[in-house]
Amino acid sequence: MKIKNIIIKLCLILVFTFSSTSIVYSKDVIKIGTLLPYSGVYTVLGEEITNAMILAFDEVNNSINGHIIELIKGDTEVKPNIALQKARKLISSDKVDILVGPVSSSVALAIRDIVVQSKTPLIIPNAGANVLTGKKCSKFITRISFSNYQINAPMGTWLAEHGIKSAFLLAPDYAAGKEMMAAFKITFEEAGGKILGEEYTPFRKTKDFGPYLARVKSSGADAVYVFYAGGEAINFIKQAYSFGLGEVMKLTGAGWTTSPLFIPAQKEAAIGFIGSLNYVPSINTDANKNFIKAYKSKFGRAPSEFAVQGYDSGKVIIEAIRSLSGSIKDKDKLAEAIRTISITGPRGPLTIDPKTNNVIQNIYIFEVVNGEQGPELKVLDTIEAVKAPGEGCNL
Ligand code: BEZ
């Protein structure tokens with residue numbers, strides 16, 4: 001009798017173990033950790049990227065090859081030390097399969113080593129720090145957004161060729177601000193332009209641009225070349241307008257400064273700004289029109305380049321996992337699949353440069369003009385298939 005009971009118990013354990021394994025299998029998840037700002041100066045950028053990634057996942061009913069997509073959010077707060085803690089948690093405790101982030105170059109530099117050492121595939125949906133697809137590149141890091149050089153270098157040449165002989169540089173005092181100004185300076189000076197001064201404003205802390213605007217104005221430059229994003233972009237453009245800077249010199253810079261995400265708050269103050277970006281809403285393709293329509297209907301407003309980068313990140317994840325028929329546990333294979341995927345998104349066909357893992361893309365030079373629905377980006381020129389130089393990267 002005793003032996004019979006033991007056998008019954010063993011059978012029950014076997015049945016339970018078998019059925020619970022199959023339950024786990026049928027509910028298998030792919031964990032995607034975000035390292036994005038959900039608080040701080042770049043909050044709206046983080047939200048926009050996340051929204052659009054969710055849109056891409058909705059299109060496949062939140063499931064890829066039988067894996068339910070689980071999104072685990074990590075708020076970087078745009079602070080490198082906080083982001084590193086969040087990265088550790090996502091990698092070691094949550095055991096995410098893929099990371100998506102960050103927005104800020106400084107944050108990206110802070111999390112780079114832990115990502116590479118833990119072999120966690122990272123898709124960068126914004127942060128432009130040059131070295132991440134340069135001498136600190138890795139097959140585990142794929143950037144589908146841009147490098148800081150890639151967006152700003154074309155502007156130096158273009159502005160010099162369009163009558164701007166001198167410029168004053170102004171940007172936040174952190175990696176991205178410094179790299180963007182340096183990229184512009186190289187090509188602007190190569191084309192014969194002169195830099196009359198440069199200033200770097202305390203990042204996340206500058207609310208009053210008045211003293212900087214006064215020094216920019218007194219430089220007598222033909223143009224000010226700036227980079228700002230988030231709340232800083234809104235404040236800078238509004239204050240430059242009230243100050244009348246646009247009446248004495250041309251306002252130019254990295255295009256995020258007047259992103260479609262910030263223009264609704266900047267209103268007429270953004271008119272006349274000349275900038276460069278990797279996406280403009282007027283791209284005339286079905287993929288772009290469908291994306292804009294879907295984003296508007298889900299989130300009630302038009303998407304920006306940040307949303308495009310989030311959406312493309314989601315698409316790349318979907319296609320990479322499909323190409324592996326859903327087998328995601330081998331991190332080397334997953335990283336390889338991510339970096340070799342090609343998709344057609346709102347920007348057009350998306351190609352990753354195999355030498356650097358940085359996206360190759362068109363750069364649009366635009367002016368903010370008064371359109372039928374208010375200020376909009378009018379394309380002045382398209383520089384096709386721009387690559388990041390990727391110096392020191394040997395992939
Ligand atoms: C960056 O820190 O790399 C960055 C932030 C906002 C817009 C563009 C670049």
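One is the number of the first residue; the rest follow in order along the sequence. Every value quoted in this text rests on a predicted model; they were computed, and no experiment measured them. Every number for a ligand or one of its atoms is a count from 1 in the order of the listing.
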Sorted by chain and residue number, the residues with a non-hydrogen atom under 4.0 Å of ligand 1 are Tyr42, Leu45, Val103, Ser104, Ser105, Asn126, Ala127, Gly128, Phe146, Asn148, Tyr174, Ala176, Met180, Phe227, Ala229, Trp256

Is it true that Ile54 and Leu36 fall in one hydrophobic cluster, defined by side-chain heavy atoms closer than 4.5 Å? no

Over-ring placement of Arg215 relative to Tyr212, 6.0 Å and 45° cut-offs: yes

Quick one: is the NZ or CZ of Lys331 closer than 6.0 Å to the six-membered ring centre of Phe140, and within 45° of its axis? no

Any side-chain donor near an acceptor of the partner, Tyr38 and Thr50, under 3.5 Å: yes

Can you confirm whether Lys387 is buried at NZ, in the sense that more than 12 heavy atoms of other residues, nucleotides or ligands lie under 6.0 Å from that atom? no

Can you list everything that forms a side-chain hydrogen bond (donor to acceptor under 3.5 Å, both in side chains) with Tyr149? Sequence neighbours excluded, please. none

